[in-house]
Amino acid sequence: MSSKYFVCFTIFILFIFASIFYSGRTIDYRSKFLLFTSLPPSNATSCSSSATQPRRQPLNVYMYDLGMKYNVGMLKGPHYDGPPVTVETLPEFPHYTGLRRQHTVEYWMLASLLYRENGTKQQEAVRVLNPDSADVFFVPFFSSLSYDTYDNQGNDTQSKFDDQLQAEIVDFLQKSEYWKRSAGRDHVIPMQHPNAFKHYRDKVNAAIFVVADFGRPSPSVSNLRKDVVAPYGHVVATFEADDFSDPYDSRTTLLFFRGKTKRKAEGKDRKRLEKILSGQKDVVFEANGVTEGGVNASTKGMRSSKFCLDPAGDTPSSCRLFDAIVSHCVPVIVSDKIELPYEDEIDYNKFSIFFSREDAKKEGYILDQLKRISKKKWLEMWRYLKNITHHFEYQYPPKNGDAVSMLWRQVKHKLPAVKLAVHRNRRLKVPDWWR
């Protein structure tokens with residue numbers, strides 16, 4: 001019997017050697033025995049391990065060297081100038097509230113490129129000093145802060161200085177060989193305030209704009225195809241301690257709104273909402289005397305409410321949406337033309353309720369729909385809010401996954417269309433045949 005086993009073993013060994021010589025390549029012998037054991041090889045590595053994941057290629061960003069009067073100098077005082085900002089001369093962002101706090105994307109994008117550890121970690125964007133190696137070119141002009149500092153003060157002389165800065169930026173770009181190379185298509189210009197860069201947008205409208213929405217510019221100047229929608233900087237503080245065992249019952253107000261109803265574009269809609277919702281049970285609608293209590297009153301109201309009303313402002317979007325998000329108060333959005341940040345990556349339906357302007361004006365309609373949302377459903381939206389809040393945080397030092405990180409990723413998403421346009425523009429001798 002033993003001789004029989006010996007013959008079988010010998011044949012098996014010969015089969016292995018024959019396989020090696022026949023294939024002419026190395027064989028993983030362990031794989032021959034996997035039928036007889038359920039254990040993986042001792043040095044097996046999970047496919048999800050970071051060791052096997054390719055390093056994400058960051059966006060290479062070249063930032064133009066502009067004097068401080070075009071950017072951080074405005075934080076030091078009107079007409080302040082100096083050499084291009086460095087990480088050593090970068091001022092901390094002041095503790096602004098209101099409009100200046102909302103339109104700050106330009107500062108955080110610039111700061112993220114100056115950060116000392118930029119490029120040492122897996123980041124969405126890194127600064128490069130060689131323009132020939134850049135994917136995109138960042139124009140560090142604080143157009144929103146320029147508007148708030150000069151144009152929005154009701155002083156003709158100051159307003160003209162904002163115009164002058166815009167004109168100088170346009171002249172600088174149009175003389176740049178890198179702008180000429182792509183007609184500006186691979187340049188990134190932040191202009192988050194609806195009135196920022198308002199007199200010269202059409203001169204640079206091939207660039208990638210970083211905007212709040214598309215309520216003011218014409219579609220030929222700014223649109224979703226080429227531009228990036230950025231969240232407003234939230235005014236209320238992020239709700240860090242929102243970890244109650246029962247957050248649903250701890251929020252005793254059903255629907256909360258605090259803001260002005262006398263708006264330029266949407267005033268009639270807000271007045272109608274005020275008429276419908278004011279005085280209703282479990283509803284707080286504060287439209288008059290809104291300055292009383294300031295941000296603290298808004299913070300307290302949002303944190304104690306299940307839903308927060310976000311009607312359109314002077315433009316389709318408003319800061320109130322992002323205040324609600326960081327308060328983990330489910331947003332109730334009433335705006336037909338709103339465009340939202342990172343919507344190719346985030347599904348707002350998972351944590352927001354949407355009403356058309358016409359439906360919202362129906363007596364009792366909003367409250368009826370909100371009361372139908374079960375505790376289970378609300379908790380799902382609340383948990384989702386908590387998980388995505390960090391995507392709406394502007395901060396320095398920057399962190400992976402924060403608002404600036406997400407914005408650079410959005411810019412990166414625009415690159416295929418940019419490269420297509422640039423390459424076609426170089427070889428076309430006649431206008432596009434389908435136009």
Decide, yes or no, whether a salt bridge links [X] with [Y] under the criterion of side-chain N to carboxylate O below 4.0 Å.
X      : Y      : answer
Lys306 : Asp282 : no
Lys271 : Glu274 : yes
Asp171 : Lys175 : yes

Apply side chain to side chain donor-acceptor pair (under 3.5 Å) to Gln166 and Asp162, showing your working.
CA-CA 6 Å; Gln166 295 175 46; Asp162 178 40; 3.1 Å; yes

Return each pair, listed once, that meets disulfide bond (SG atoms under 2.5 Å apart) where at least one residue sits in residues 315-398; pairs must be two or more places apart or across chains.
Cys308-Cys329

Please list all pairs passing the disulfide bond (SG atoms under 2.5 Å apart) test where one or both residues lie in residues 387-416, with sequence neighbours left out.
none

Kindly say whether [Y] contributes a backbone atom to a donor-acceptor pair with the side chain of [X] at under 3.5 angstrom?
X      : Y      : value
Ser133 : Asn130 : yes
Arg357 : Pro311 : no
Arg320 : Arg258 : yes
Asp310 : Val332 : no
Asp323 : Val235 : yes
Tyr394 : Pro231 : yes
Thr149 : Leu145 : yes
Ser327 : Met302 : no
His187 : Val136 : no
Ser250 : Pro247 : yes

Do [X] and [Y] come close enough that some side-chain heavy atom pair is under 4.5 Å?
X      : Y      : value
Val211 : Gln192 : no
Phe137 : Val188 : no
Asn400 : Glu124 : no
Ile366 : Phe355 : yes
Val283 : Thr253 : no
Met381 : Leu385 : no
Ile276 : Leu367 : no
Phe257 : Leu273 : no

Partners of [X] by side chain to side chain contact (heavy atoms under 4.5 Å, CB included), sequence neighbours excluded?
X      : result
Lys399 : Gln395, Asp402
Ser317 : Ala212, Asp213, Tyr232, Thr315, Ile338
Lys375 : Asp246, Tyr248, Asp249, Leu379
Ser352 : Pro331, Ile333, Tyr348, Phe354

Please check if atom NZ in Lys203 has more than 12 non-hydrogen atoms from other residues, nucleotides or ligands closer than 6.0 Å.
no

Count the heavy atoms belonging to other residues, nucleotides or ligands that lie under 6.0 Å from NZ of Lys300, then report whether that count exceeds 12.
no

Taking the ring centre of each residue, are Phe197 and Tyr147 less than 6.0 Å apart?
no

Are Phe256 and Phe307 an aromatic pair by the rule of ring centers under 6.0 Å?
no

Side chains of [X] and [Y]: do they bring a donor and an acceptor to under 3.5 Å?
X      : Y      : result
Ser143 : His193 : no
Ser159 : Asp151 : yes
Asp132 : Tyr178 : yes

Test ring pair (Phe, Tyr, Trp, His ring centres under 6.0 Å) applied to Tyr107 - qualifying residues, sequence neighbours left out:
Phe93

Cation over ring face, Lys226 and Phe209, 6.0 Å, 45°:
yes

Go through the steps to decide whether Thr89 and Met68 satisfy the test side chain to side chain contact (heavy atoms under 4.5 Å, CB included), and finish with yes or no.
CA-CA 10 Å; Thr89 59; Met68 285 189 181; 3.6 Å; yes

Under the ring-ring contact (aromatic ring centres under 6.0 Å, His included) rule, what pairs show up with a residue in residues 154-174, not counting sequence neighbours?
Tyr64-Phe172, His79-Phe161, Tyr150-Phe161

Starting at CG of Leu340, measure out to CG of Leu321 and round the result to the nearest 0.5 Å.
6.5 Å

Under the salt bridge (charged side-chain N to carboxylate O under 4.0 Å, His left out) definition, can you give me all pairs with a residue in residues 59-88, not counting sequence neighbours?
Asp65-Arg127, Lys69-Glu168, Glu88-Arg116

Kindly state each residue pair satisfying salt bridge (charged side-chain N to carboxylate O under 4.0 Å, His left out) with at least one member in residues 339-352, sequence neighbours excluded.
Glu345-Arg409

Side chain to side chain donor-acceptor pair (under 3.5 Å) assessment of Thr104 paired with Trp108
CA-CA 7 Å; Thr104 56; Trp108 305 110; 3.0 Å; yes

Sole candidate of Lys386, Arg383, Arg251 that passes salt bridge (charged side-chain N to carboxylate O under 4.0 Å, His left out) when paired with Asp242
Arg251

Considering non-hydrogen atoms only, spot the tightest contact between Glu393 and Val326 and give its length.
OE2-CG1, 4.1 Å

Considering non-hydrogen atoms only, spot the tightest contact between Ile325 and Thr389 and give its length.
O-OG1, 3.6 Å

Kindly determine whether Val334 and Asp359 satisfy side chain to side chain contact (heavy atoms under 4.5 Å, CB included), including the steps that lead there.
CA-CA 9 Å; Val334 182; Asp359 283 343; over 6 Å; no

Applying salt bridge (Lys or Arg N to Asp or Glu O under 4.0 Å), can you list everything that pairs with Lys412, at least two apart in sequence or on another chain?
none

Might you work through the side chain to side chain contact (heavy atoms under 4.5 Å, CB included) test for Val61 and Val126, ending with a clear yes or no?
CA-CA 6 Å; Val61 184; Val126 295; over 6 Å; no

Is there a side chain to side chain contact (heavy atoms under 4.5 Å, CB included) between Tyr70 and Leu165? Walk through the geometry before answering.
CA-CA 7 Å; Tyr70 298 105; Leu165 293 180; 3.7 Å; yes

So, using side chain to side chain donor-acceptor pair (under 3.5 Å) as the criterion, who are the partners of Ser222 when residues are at least two apart?
Asp227

